[in-house]
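Residue numbers count from 1 along this sequence. Read the numbers this way: they start at 1 and go in the same order the structure lists the ligands and their atoms. These numbers were taken from a predicted model, which means no experiment stands behind them.
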Amino acid sequence: MKKGELVYEGKAKQVYLTDNPDEALVWFKDDATAFNGEKKGTIQSKGVINNAIASFFFKLLDSYRVSTHFIRKIDERAMLVKRLSIIPIEVVVRNIAAGSLAKRLGWEEGRKLSSPVVELYYKDDALGDPLINRSHVAALGIATPERLDVLENTALKINTILMEFLVGRNLLLVDFKLEFGTHKGEILLGDEISPDTCRFWDATTNEKLDKDRFRRDLGNVEAAYQEILKRIGE
Ligand code: UDP
C-alpha cells in the first residue's frame, strides 16, 4: 500500500491517496484545536492514542453490523479507509447535558437526559458549524429526509452500542459527534470516534477523560486519553 498525495488536511488528521482510488489513508496528528480553531495546541501522542481508540470502536461497530469507512489499522498513526464523499452534517448524540447544550438551555452540566437528544450541525468552518434542523437540511439540499433518517437512526444505534460497552468500563458516554459519507452509493460512518469527538466521564467520580481537559485547561490531557485506551482494553 503506497502513501500517495495529501488530499486533505484537517485540524486533527491528514488524508492521503493510496494506489487504490477507492481507498484513502488517514493519518492522525497530535494537533488539537477548540472553539472553532481559536485555541490551538498539541497533545503528546494524541495521534497514536486516537488511531488506536478509533480503530477499536470502528471494529466494535462493525461487529454490530454498523457500516463504517474503516478497513484496517496500518501503523501507529494511520488507518486505511474507504474513500467517502462527506455529507456536510455533524450528528451529535447526547445522554447527559454538557457543553453547548448545557449553555443553550441553561442546564447544569451533568443533568441526565430522559432520552437521548440528537442534534444536527451544518459542517461549515466559516460559519462555525451552526445548529440546524431537518427543514434547514432540506432547504440546504444536503440530504433527503430518507437519508437523514438513516443518519439519525444509525447515530442512535451507535449510541446504544457504545453506551453498553462503556458502562462495563465504568465510563459514561456523555455525548459525541459523528460524520457520515457515501461510498459507491452506500452511507458509511466516517471520521473518528475518540476523546476528541466524545465526552467520556468516569462513572464513579465524573472525572472528565476527553478533550474538555484541553478546552478548559484542566491538565493531564494525555493521561486522560491514555486512560480511555487502557479502559477499552487496547
Ligand atoms: N464535537 C466535535 N466537534 C465539533 C463540535 C463538537 O467532536 O466541532 C463533539 C464534542 O466533543 C462533544 C459533542 O460533539 O462530545 C457535543 O459538543 P458541544 O455541542 O457540546 O460543543 P462544545 O462544547 O464542544 O463546543
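Between R94 and ligand 1, at least one pair of N/O atoms sits closer than 3.5 Å.
Contact atoms of ligand 1 toward Y121: 19 (O) (distance under 4.0 Å to a heavy atom of the residue). Close approach to G99 involves these atoms of ligand 1, each under 4.0 Å from a residue heavy atom: 20 (O), 23 (O). Close approach of ligand 1 to D196 (heavy-atom distance below 4.0 Å) involves ligand atoms 7 (O), 11 (O).
For atom 25 (O) of ligand 1, the nearest protein heavy atom lies 4.0 Å away or farther. Under the 4.0 Å distance rule, the nearest protein heavy atom to atom 10 (C) of ligand 1 falls inside the cut-off.
One option in L173, D175, L131 has a heavy atom closer to atom 13 (C) of ligand 1 than any other, and that option is D175. In this structure, of C198, A97, A34, S100, the residue bringing a heavy atom nearest to atom 21 (O) of ligand 1 is S100. For atom 23 (O) of ligand 1, the nearest non-hydrogen atom from the set R215, R199, K103 comes from R199.
Contact analysis leaves F35 out of contact with ligand 1, as no non-hydrogen atom separation drops below 4.0 angstrom. Using a 4.0 angstrom heavy-atom cutoff, N36 does not count as in contact with ligand 1. Ligand 1 lies out of reach of E119, whose nearest heavy atom is not under 4.0 Å from it.
E23 has its side chain out of reach of H183: every pair of non-hydrogen atoms, C-beta onward, lies at least 4.5 Å apart.
A donor-acceptor pair shorter than 3.5 Å can be found between the side chains of Y225 and D196.
A pairwise comparison of heavy atoms in L120 and V91 identifies CD2-CG2, 4.2 Å as the closest pair. Here the closest non-hydrogen pair linking V93 and P116 is CG1-CB, 4.2 Å. Across A143 and I89, no two heavy atoms sit closer than the pair CB-CD1, 4.0 Å.
Residue V66 is grouped with residue I193 when hydrophobic side chains (ILVMFWY) are merged at heavy-atom distances under 4.5 angstrom, including chains of intermediate members.
Below 30°, between 30° and 60°, or above 60°: for F165 and F57 the angle between ring planes is above 60°, a perpendicular geometry.
In summary, of the residues considered (K177, R104, R134), a salt bridge (Lys or Arg N to Asp or Glu O under 4.0 Å) with E119 occurs for R104 alone.
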